[in-house]
Amino acid sequence: MTKAKRAMQEDIRLIDVILELVDARIPASSKNPDINQLANNKSRVILLNKSDMADPDLLEPWMRYYEKQGYLALAVNAKKRNELKQVQSLIQKACREKIERDRKRGIKNRPVRAMIVGIPNVGKSTFINSFAGRACTKTGNKPGITRGKQWIRLNPQVELLDTPGILWPKFENQTVGQRLAFVGSIKDELLSSAELALELISFLKQEYPDTLQTHYQIDETKEGVPLLEELALRRGCLNKGNEPNLDKAAFLLLDDFRNARLGRITLERPVEE
């Protein structure tokens, strides 16, 4: 991470605008605070990716939240290329002063240079491939697919510098780390899936009541482990002797959440909300 951060610091002087992808389900927790220190007064665009998985009622408030901080903001689904057309105009808008300076100097048709940043598993590679209309980078649903930087000519107007997804060394609080784990930006092997699932159950019961009951036909009045045990029994997550396998049930729950099978859910609200 330190090496990637240092390389980004060196490359920042080469670019005109920073595109930062955040996960629309955790727009604050998935935003790397180190980027603000590295940005060096560059134009900034925030793209709330995976918007098709997020609570539709919270997309607009989150975009307003970032616009008040001086960003240009847009909710996108990187898998749908037609939704990315607005990104092009947003980049041009962010670099309007630079384009105007070039025009006054007699420089025409010089492409805008953008750097795309984001934490692991936020969908950068999918976004780049959709935006370019061709396979430019490796994609995957695990953090850490993109290993090094690469320049990509998206179109005559935009050149994009891709960078590896990096997390910051220390989370401000446990909740941020927890939310990153919920969406899969922290490797599952590093955590207890059962403990994580119990925290997710607690959140869903409070913020999205009846979701578990509707999806799994389980009794939501139960608390914690008994509820996870019932989920295991309902879905056949069993050990020998028909004992509930909590780890297997936990993984099933987390996978269902990460793939929006439980519905469109956002884990945090803007501060003003």
Side-chain angles (χ1 to χ4, degrees), residues 1-24 30-32 34-36 38-52 66 71-99 101-102 107-167 184-185:
M1 290 181 189
T2 304
K3 185 179 177 182
K5 185 178 171 181
R6 193 179 299 123
M8 195 182 294
Q9 206 161 12
E10 293 170 2
D11 293 330
I12 211 93
R13 58 190 173 81
L14 303 174
I15 58 102
D16 305 303
V17 58
I18 297 173
L19 305 182
E20 184 170 6
L21 253 67
V22 298
D23 191 312
S30 60
K31 189 178 185 307
N32 189 336
D34 288 348
I35 303 300
N36 289 343
L38 296 169
N40 198 24
N41 298 320
K42 298 290 181 179
S43 299
R44 305 285 300 277
V45 175
I46 292 277
L47 300 173
L48 286 82
N49 193 29
K50 304 187 180 182
S51 61
D52 57 313
Y66 278 122
Y71 298 91
L72 295 174
L74 183 68
V76 298
N77 173 4
K79 292 180 179 178
K80 293 189 176 181
R81 192 183 179 207
N82 63 317
E83 288 192 15
L84 302 183
K85 292 176 182 176
Q86 295 177 69
V87 177
Q88 178 76 33
S89 59
L90 216 58
I91 292 171
Q92 299 295 317
K93 183 178 179 181
C95 297
R96 190 156 44 200
E97 291 180 10
K98 180 260 180 193
I99 294 168
R101 283 198 307 271
D102 282 353
I107 303 169
K108 296 181 180 179
N109 302 322
R110 177 190 282 175
V112 167
R113 289 190 138 191
M115 175 188 280
I116 185 161
V117 298
I119 64 169
N121 208 34
V122 78
K124 286 196 296 101
S125 296
T126 301
F127 169 80
I128 293 167
N129 292 341
S130 293
F131 199 12
R134 64 188 187 281
C136 303
T137 66
K138 292 181 181 179
T139 60
N141 59 359
K142 290 185 178 181
I145 294 294
T146 305
R147 296 293 180 189
K149 70 179 182 183
Q150 53 182 323
W151 280 102
I152 299 157
R153 186 71 176 260
L154 293 178
N155 54 51
Q157 288 81 40
V158 181
E159 286 182 353
L160 191 66
L161 177 61
D162 188 18
T163 58
I166 55 170
L167 287 171
S185 288

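In this chain, numbering begins with 1 at the start of the sequence shown.
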side-chain contact (heavy atoms from CB on, under 4.5 Å) evaluation trace for I91 with Q157: CA-CA 10 Å; I91 292 171; Q157 288 81 40; over 6 Å; no
To the nearest 0.5 Å, what is the distance between [atom1] on [X] and [atom2] on [Y]?
X	Y	atom1	atom2	value
R113	R13	CZ	CZ	10.5 Å
L154	N129	CG	CG	10.0 Å
E97	S43	CD	OG	7.0 Å
L74	I46	CG	CD1	11.5 Å

Which heavy atom in [X] sits nearest to a heavy atom in [Y], and how many Å separate them?
X	Y	result
G123	N49	CA-ND2, 3.7 Å
L47	L90	CD2-CD2, 4.5 Å
S51	A24	CA-CB, 3.8 Å
W151	A114	CZ3-O, 4.4 Å
G184	N121	O-ND2, 3.1 Å

Chi angles and distances behind the side-chain contact (heavy atoms from CB on, under 4.5 Å) call for E20, N32: CA-CA 9 Å; E20 184 170 6; N32 189 336; 4.3 Å; yes
A side-chain contact here means heavy atoms from C-beta on lying under 4.5 Å apart; do [X] and [Y] qualify?
X	Y	value
M115	L14	no
N36	R44	yes
L19	L160	yes
K80	D52	no
T126	K79	yes
F131	I152	no
R110	K98	yes
I128	D162	yes

Identified side-chain contact (heavy atoms from CB on, under 4.5 Å) counterpart of C95 within the set I15, V45, V158, V17: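 Of the listed residues I15, V45, V158, V17, the side-chain contact (heavy atoms from CB on, under 4.5 Å) partner of C95 is V17.
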Any donor-acceptor N/O pair, D16 side chain to V112 backbone, under 3.5 Å: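 Flag not set: sc D16 to bb V112 has no pair under 3.5 Å.
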Side-chain donor or acceptor of S130 paired with backbone N/O of A78 under 3.5 Å: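 Checking the backbone N and O of A78 against the side chain of S130, a donor-acceptor pair under 3.5 Å is found.
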Neighbour count >12 (heavy atoms, 6.0 Å) for atom NZ, K42: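 Enclosed.
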Step-by-step side-chain contact (heavy atoms from CB on, under 4.5 Å) determination, I12 to I18: CA-CA 9 Å; I12 211 93; I18 297 173; 3.6 Å; yes
